Structure formats: C-alpha cells, structure tokens
Amino acid sequence: MKEISKHYNPSEVEPKWREFWEKNNIYKFDPKAKGGIFSVDTPPPTVSGKMHIGHAYSYTHEDFIARYRRMRGENVFFPFGTDNNGLATERLIEKTKNVRASKMDRNDFIKLCNQTIKEITPDFISDWQKAGMSCDFSKIYSTIDDNSRRISQKNFIDLYKKKYTYRQEAPVIWCSHCQTAIAQAELEDKEIETLFNDIVFKLKDKKDLIIATTRPELLSSCVAVFVHPDDKRYKKLVGQKAQVPIFGNKVEILADKKVDLEKGSGAVMCCTFGDKTDVEWFKEYKLPLVMSLDKSGRMMEKAKKYAGLSAKVARQNIIEDLQKKKLLVGQKKITHSVNIHERCKNEVEIMNSLQWYIRILDEKKEFIDLGKKIKWHPPFMRARYENWINNLGWDWAISRQRFFGIPFPVWYCGKCGEIKIADIEDLPIDPLSDKPKGKCEKCGNSKFIPEKDVMDTWATSSISPQLALQLFFDEKTAQKMIPMNLRPQAHDIISTWLFYTVVRSHYHFDKIPWKEVMISGHVLDSQGKKMSKSLGNVVAPQEILEKYGSDALRYWSAGSSLGQDINYSEDEIKIGKKTTTKLWNVARFMAMNVKKAELLKDSEMVEPADAWIIDELNKTIAKTTKAFENYAYAKAKEEIDGFFWSKFADYYVEFVKYRFFGDDEKSKKIGEKTIATVFFNIVKLYAPIMPFVTEEIFQTWFKHLEKTKSVHISKWPEEIKLKKMPDISDFASAIKAVDEIRKHKTKQNISLGAEIDSIKLKTKTNLKKYGEFLKKVGRVKKIS
RNA sequence: GGGCAAUUGGCUCAGUGGUUAGAGCGCUUCCUUGACAUGGAAGAGGUCACAGGUUCGAUUCCUGUAUUGCCCACCA
C-alpha cells in the first residue's frame, strides 16, 4: 500500500478529480451509450457575476439525483446552459462596463454585451464545476447564441402560424425606468407611504363630489367617475356628469360593483390608466383613451401646463394648485403596496402600446390539467402553480423595447402594415439588418419596416428542453425526447420558467415538457431572513468551497427536504467536513489492516458480527435506494449517515479489531473481506452526495474491484446475498451486552481500551455463542 | 382578502395511528484505546403551538384558533 496522508485535504483532492472527470469524459453524454436515457432540463443560470449560495443549494439537489441515476446504469442527459439576454444581462453590462444602453449605438451595445458574456462565462461556470456538478460541460448552450436564436425564432413562427401569438395595441404593464413592456410575472410588491387626497369634482348643481386618490397627476387622464350601484349616497348621481378639477372637462358618473363602498369617499375616478381596474372599466364601458404619461414617465400635452414634468413633480404641483383653488379638502398619509419591476425596483405604469403577446388566458384550464399530468416533488408545489394560473389577468407580453435579446423574425409592410414573417431556412435573422424575401402578400409592396423589439428572455428560456436537446440530437429526435424526465428548479420561478415552459410545450408539441419536476427551496441566513446585499448577510459559496470543500457544502445542502427553505448554517457544513474526515479515517484503518481489498464471495461463511453488519447494510441499501427514487435525498443521507456512523464505525470496526490483531487467519480473512465489502458499498452510497472524497477512496483502494474508471459510473449497490449466513436473530443482545460493558467502564472512569477482570451482565445473552466474542471486543477476562 | 407551508428538547431539524418520541450541534462527566482528540463512551434535557373532534388509543387523521414564512390579489 502506498503512503497515505493522515489528513484528508479537499483543496488538493478536489481539483485533481475534477480534472480527471473532464479528461476521462466521465459525465460526457453519449446519445448512443447503453441504458435508458434519463433527461434533465437543467436550469440555465442567469449570467450575473458569480454563483450565489441559492444556486449551490438547488443545483446540488439535482446533481444528487443525476449521479444516483447514472450509477443505476441510466444514460443520464444532464446538459448545461446559461441564460444571458434580456434586461438582466443589459443591466449587468451597464454596471460592469459603466455604460448606458439607451445612450449608445444599438449595435455597439449588442457587441459589447456579446463580448462581455464571452469573457465572463467561463469563470461563471467554473463555480458550478467546483460545486461538483456532473453536467456535461463539453457542450453548453447560451440563450443568446446562434442556435438558440434560430430555435427561438423558429418556435415563434410556429406560434404565429398556430395563432397562439398575436400583436395588439392594448394596455400593458410598463416600466418607465427600463422603458419597456413587461409581463405580470416580472412584478414584485413594495410597501410605500403615500398621500390619499380628497379632491372636489363639481357637479352640475355646483355641488361637490369628493373623490379620493393617491394619483392626482392622472387627473388629466380621468375618463369617468365610478360609484357602487348600491351606494345610497350617490345613487342619484349615476348618469350625471362631473367636472374634472383644473382641467375642466366633464366625465360621466357610472355605477360598478368593483367600487369599494368603504374606501375613500366611495367614489373613484377612472383614469387611463391608473391600475388594472381602470383597464377593466376601459374595456367594459368602452371609455376613451386619454394618456397623460409618456413612455419615460413624463407628462404629455394632455396634462397641459404640467407637460414635460415627471409624474412625481406633476403630482406635487397639482396638489399645490388644487390647494390654491380650495379643491383639496382632505389629505391623509397611507401605506399601501404597489407593483414594482423586479429588475429595477421602480413602480410600474400601465401604458397603451403595441406589443406581441402569447395567449395564455384562453387556456387556463388546460394548463391546470397539464400540471396534474406532471409528478411534483414535493406534491404541494403544484398548488402554487395552480394558484398562479387562476390569478392570471393578462396574456403573456413577450415583446420588449430593449436591445440585447432575440429579435422577432418579423417585418411590417411599409404600405399596409401587414406582418411579414421570415423564412424558416433563413433563421436566425435580425430584421434590422436582414431583408425579407418577396413582397407583401396583401398589397404587393416591397418596402418593409423591421420590428425593433426583442423577445422577453423567458420567451427563449421557456423552450429550454429544445435548446438543450438540440445540442446533442437533431430536431426530430429531440422532439421525440419530450417529455423529458425531470425539470429541477427552485420555487421562485414556478410562475415564470416552469409555467411558461408548460405553455410552450403544449403549444408546440401538445405534450407536457417533463414527467416530473423537483422544486427546491431557498437559502436564508442563519436567522431565517432573506439574504441581501443591503443587509450584509450574504454568504458566498466560493468561500465555503475554499474553506471546507465541495463535499462539505453538498452535505449541508443535502440536509433539508426537497422544497424546504434552509437556514444557512456553518455548523452543518462543518459536520459535512467531519464526515469526509471520518470516511478518510475508516479508509486508513482498513488500509492498515487489509493488504488488498477483496469482496466476499457468495459462498463465504461469515461470522455473526459480519452477518449482522451485512444485514444492516442491506437494509440501508434498500432504504437509500427507495429514498433516491423518490427524490428524498435528505432521507437518503440520513440513512447512510446512520448506518455509517452508528453501526459501522461505532460497532463493526470495533468488532473486527481483535480478529485483525489476533492469529486466527481464517477469521481474520473473513473480517478483511467483510469490512472491504461493506465499506466499498458505503463509499458508493455516499458518492452522489460527496463525489470527491468517495472518488479519492475508490481510486486509492477499491478501483481493482470493478471495471470502471470512476466510482460515479460504478454500479449502484445491491443487496448482498450470501448462500449461508449464521443465525443472527439474537445478535441484538450481544450489542446490548457490549453497551453494558462500555457503560460499566465509563462509570468506573476506565478507558474502553483497558482490560478488566470480570463483569456480570444484566443483559440476557447467549454466552455460549457470544461469550468469546464479548470478551475480546469488551476486553474482559471473565463474563458471566 | 385568496393560496401554500411551518409550529417537536437551548439551537437546527428527522419522525410515526399504538410499548420508555429520535438525530446533530450545544451542555455535563469521563476516556489520549494499535482509524480518527477534526476523536470516543456515558448522561442530562421535550405535557411533540393551542382548543375541540374521530378512535380502544393521536405528536401522528379531521376541524378551528394563534404565530411565523412564502406566493398572489388589494393599489381608486
């Protein structure tokens, strides 16, 4: 045996095996390899600087499963990709390169984005590799590369032909800061303090109608006043007109049940558009469209003297003017929540504009049914999916008035406005630089206006199964592989990535995208609070990897059940580190006593202690296998831990020592084989969770036992069946007796290694059978 | 307001329709024994949030309440 280092050092061991795995293509996907394919729709992380702890948490979860499946002999398709277009990427480039997209030449900005992504991606991905991810990193996709452009545009055309996408001028959620339309799923809530203003609208008899509003700057957009049909105070007013203060125009007073009698004065102004209810009323009552805010959030001509002001300043000025005219009769501070854009945290508006949409409202029921065809881990996560769909209020707006994204493969006829779609064989195209073939099909004109908008990044990431599969398969074969086996992801993007992928798969293939989904939780700080830069409680996985190693990080990650949020705990990571140390020390013990590891033959006759540990191992294998099958990696870890520490290390290793140091060669040999067999299986069981230390041990001591290059493509443990086994039905009593001896020594403050003269056992034990064993194990001269 | 989840020893969490509810950390006492002091042995510590109900029996099932967290709606 070669020299064994006393300590296990992950910082030396881990890079070595990472390199080995890559060089030997251990995780490389071969479509022709044997074994059924198990396909994973790996989440493409948004390229954003560095991997964060939440990534490390949820990605390792899927890696546990992938590694388990691989050892089960399945041909695991575990691709990798990065998401790097859209607003998130623009923001990253603006920040790191200190530029503003809106102030740059469009092409220059796109070039800068592409170039920057190329620069930072390898470094970004290396963190995933350091975390021990067993994806095939030899071929990865990016949601902005040519292949993704082509597939995404082609799919868009498919949607267009099937009439699942349409272009329409309609109210859409708008971010004035980013100056683009956004989707409902991109909203967040924020509590803000604001003023609730009681404003006087004059009626025809010069009487006052008080209206409460938080947004007086929209007065110029007021198109109606609504009251509740059952409101006695205002019943008579319905059908009359009210005069908008300052602006002087008259609007109709209408009745609608959506009005809350209790809120404000019970009378509400309807503006185009203040909120979603305004949009509903606009549609239902066919109200005029009067926009006061432009796309950058400034007041337009309609706002007359306020034109050109920002909404905020206009609000202040209008309030002052109302005060001067004595039309402001009340004001109170309230706290309410508003929708903000998740990317920039600014309040959103509703803007009427021309956008591309994907239909989703029409098929809500269908999407809920499709959700039921997918197996959810944990099952309750499906309720979140359904809850989201039930509450959907808008079709999916996919066009963005931005720069760095996949362009729509579309032009418009310069004469009649008819939509002209690109030819599929020309894809990918950019309508701004490429010209369409032929003439307008409607009017024969040959001048076209290119679509300037780009697609929402989710419009591309929602076809991730195709992006990933088409890296390795032709399009037809790729389609046959849908549904994929598994979509792993965290719960925060159920309403986006998960839902949108179901939508797209349904529209393109009339299939569910995957058979099963596994949903991970989030990482909170040690107090259970969200990690955020402003709170300064962010934990960098890179530091953990460096300090404790990947196996320790993964051990921590495996500690919580699927779907559960986890509190970050350095202690738990330390236990992971301890486990690698323990494994290493057991390996050293074995190596000191066993020249060359040999496995038990099934004809071998073992001793009771051996039979007992084999029996316990078999139970553990069964339970662990079942747990991994159900994505219950935490349960699997618990089973392996329990067996390894409490059965194998605490007892069996002690049981076998006297044989190793004794002179009964036959007994010694059987002990050697048993310890090797059991430990070999322990290493395999731990391999999906702790891939590095298990590989190190496997390569050092067990490699000759199986024809395989790596423990990670070795065979998953199976029950060990020996032809003849001693009866161990009473072995539990022997263990009890061992405990009793240990207790006795502890109480006497004697070291466990010290020999004592005699002990009288209270435990009923078959001394004829186990007397000698107990004497040796317990170091007692006489037992009665 | 709607949905989902959680509530078990000081802390973090497992767990089960049924004899004394488990683990790790922490704590106490002891042990340097030929894998490991980055260790080992023994031990203290819980009316399983609360209230009803189902049951021969509930921490486990049902209902309600409270508290906490997440998602969504409310934004006039």
Side-chain angles (χ1 to χ4, degrees), chain A residues 4 6-8 184-185 187-192 194 196-197 211-215 218 222 225-226 258-260 263-271 274-278 281 334-339 347-348 378 380-393 491-492 494-495 521-522 524 526 528-530 559-561 563-572 574-575 577-593 634-635 637-638 641-642 645-646 649-650 653-654 657 660-661 739 741-755 779:
Chain A
I4 312 153
K6 195 164 178 195
H7 297 287
Y8 175 74
Q184 186 183 351
L187 297 178
E188 270 177 18
D189 291 348
K190 190 186 168 191
E191 287 274 319
I192 60 157
T194 187
F196 206 22
N197 306 286
I211 278 171
T213 179
T214 55
R215 304 203 55 189
L218 290 181
C222 179
V225 168
F226 278 88
K258 285 197 189 86
V259 176
D260 185 347
K263 205 159 194 171
S265 62
V268 46
M269 67 173 184
C270 171
C271 308
D275 65 18
K276 219 173 95 189
T277 315
D278 288 348
W281 282 333
I334 56 160
T335 309
H336 69 166
S337 74
V338 293
N339 283 135
E347 284 179 54
V348 299
F380 67 76
M381 286 294 180
R382 186 164 61 83
R384 296 198 183 190
Y385 170 84
E386 291 188 2
N387 189 233
W388 171 256
I389 294 173
N390 283 326
N391 286 311
L392 275 172
H491 62 57
D492 55 339
I494 289 175
S495 50
H522 278 164
L524 307 172
S526 55
K529 291 208 174 98
K530 269 188 185 171
S560 84
S561 320
Q564 290 304 115
D565 288 346
I566 194 172
N567 290 2
Y568 173 72
S569 154
E570 188 154 342
D571 284 345
E572 200 59 36
K574 283 180 185 162
I575 296 164
K577 179 91 201 286
K578 239 172 78 171
T579 305
T580 60
T581 304
K582 190 81 176 172
L583 279 164
W584 186 246
N585 281 317
V586 170
R588 286 178 61 225
F589 171 76
M590 190 191 69
M592 282 171 185
N593 296 288
K635 172 91 179 144
K637 169 186 165 260
E638 205 181 289
D641 276 347
W645 288 84
S646 313
D650 290 353
V653 170
E654 297 302 322
K657 275 180 183 169
F660 286 169
F661 307 134
D739 288 341
I741 297 166
R742 285 178 176 176
K743 258 177 229 180
H744 175 78
K745 289 188 176 179
T746 300
K747 262 188 193 159
Q748 310 272 317
N749 293 352
I750 301 170
S751 126
L752 291 178
E755 196 169 45
R779 299 205 178 183

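Since we're looking at a predicted model, the values are computed, not measured. Every chain is numbered from 1, with letters handed out A, B, ... down the list of sequences.
Taking a pair to require two hydrogen-bonding distances under 3.5 Å in either a Watson-Crick or a G-U wobble arrangement, B:G22 pairs with B:C13. Remark: B:A58 base-pairs with no nucleotide; criterion is Watson-Crick or G-U wobble with both hydrogen-bond distances under 3.5 Å. B:A76 makes up no base pair with any nucleotide shown, lacking Watson-Crick or G-U wobble contacts both under 3.5 Å. In a base pair of the Watson-Crick type (N1 to N3 plus N6-O4 or O6-N4) or a G-U wobble (N1-O2 and O6-N3), with each distance short of 3.5 Å, B:U7 is matched with B:A66. With a 3.5 Å ceiling on both atom-pair distances, B:C36 lacks any Watson-Crick or G-U wobble partner. Remark: B:G46 base-pairs with no nucleotide in the shown strands. Criterion, Watson-Crick or G-U wobble with two distances under 3.5 Å.
Among the nucleotides B:C71, B:G40, B:A76, the one closest to the side chain of A:Thr213 is B:A76. For A:Met592, counting side-chain heavy atoms from C-beta on, the closest listed nucleotide (B:A35, B:A37, B:C75) is B:A35. Residue A:Phe380 has its side chain nearest to B:C4 when only B:A35, B:C75, B:C4 are considered. Of the candidate nucleotides B:C25, B:C75, B:U12, B:C25 has the atom lying nearest to any side-chain atom of A:Ile575. The side chain of A:Leu752 sits closest to B:U33 out of B:A76, B:U33, B:C71.
At the heavy-atom level, A:Asp260 lies under 4.0 Å from base atoms of the strands shown. Among the heavy atoms of the strands lying under 4.0 Å from A:Thr581 is at least one base atom, whether or not backbone atoms are also near. No contact: A:Thr194 has no heavy atom under 4.0 Å from any strand. Base engagement by A:His7 is indicated by at least one non-hydrogen atom pair under 4.0 Å involving a base atom. Residue contacts shown for A:Ser561 are limited to sugar-phosphate atoms, with no base heavy atom under 4.0 Å away. Backbone-only engagement by A:Phe196 is indicated by non-hydrogen atom pairs under 4.0 Å involving sugar-phosphate atoms exclusively. The residue A:Ser751 sits close only to the backbone: its heavy atoms come under 4.0 Å of sugar-phosphate atoms, none of a base. A:Lys263 comes within 4.0 angstrom of a base, heavy atoms only. Looking at heavy-atom distances under 4.0 Å, A:Lys743 makes contact with sugar-phosphate atoms alone, never a base. Residue A:Trp281 is classed as having no contact, given no heavy-atom separation below 4.0 Å to the nucleic acid. Using a 4.0 Å heavy-atom cutoff across all strands shown, A:Ala649 reaches at least one base atom of the nucleic acid. At the heavy-atom level, A:Lys577 lies nowhere under 4.0 Å from the strands shown. Residue contacts shown for A:Ile741 are absent, as no nucleic acid heavy atom lies under 4.0 Å away.
B:U7 and B:C48: their C1' atoms are spaced 10 Å apart (whole Å). Rounded to whole Å, the separation between the P atoms of B:C27 and B:G22 comes to 23 Å. Taking the P atoms as reference points, B:C50 lies 16 Å from B:U67, given to the whole Å. Taking atom C1' on both nucleotides, B:A37 is separated from B:C31 by 11 Å, rounded to a whole Å.
Listed for the A:Lys745 side chain is a donor-acceptor partner under 3.5 Å among the backbone atoms of A:Ala754. With hydrogens and angles disregarded, a donor-acceptor distance shorter than 3.5 Å links the side chain of A:Asn197 to the backbone of A:Thr213.
Phosphate contact (OP1/OP2 of B:A73, side-chain N/O of A:Gln184, threshold under 4.0 Å): present. Remark: A:Lys6 is not in phosphate contact with B:A35, judged by side-chain N or O atoms under 4.0 Å from OP1 or OP2. Dashed line: the shortest gap from a side-chain N or O of A:Lys258 to OP1 or OP2 of B:C75 is not under 4.0 Å.
In this structure, a donor-acceptor pair under 3.5 Å is present between the side chains of A:Arg588 and A:Asn585.
Between the CD atom of A:Glu654 and the P atom of B:A41 there is a distance of 8 Å, given to the nearest Å.
A donor N or O paired with an acceptor N or O is not found under 3.5 Å between the base of B:G39 and the side-chain atoms of A:Asn585.
Ring stacking is absent between A:His491 and B:C70, as the pair misses the limits of under 5.5 Å between centres and under 30 degrees between planes.
Comparing A:Ile750 and A:His522 by the nucleotide of RNA chain B whose heavy atom lies nearest to each, the residue mapping closer to the 5' end is A:Ile750. In this structure, A:Arg215 and A:Lys635 both approach RNA chain B, and ranking their closest nucleotides by distance from the 5' end singles out A:Lys635.
Within 6.0 Å of NZ on A:Lys258 lie more than 12 heavy atoms contributed by other residues, nucleotides or ligands.
Taking the six-membered ring where the residue is Trp, A:Tyr8 and A:Trp584 present tilted rings, their angle falling between 30° and 60°.
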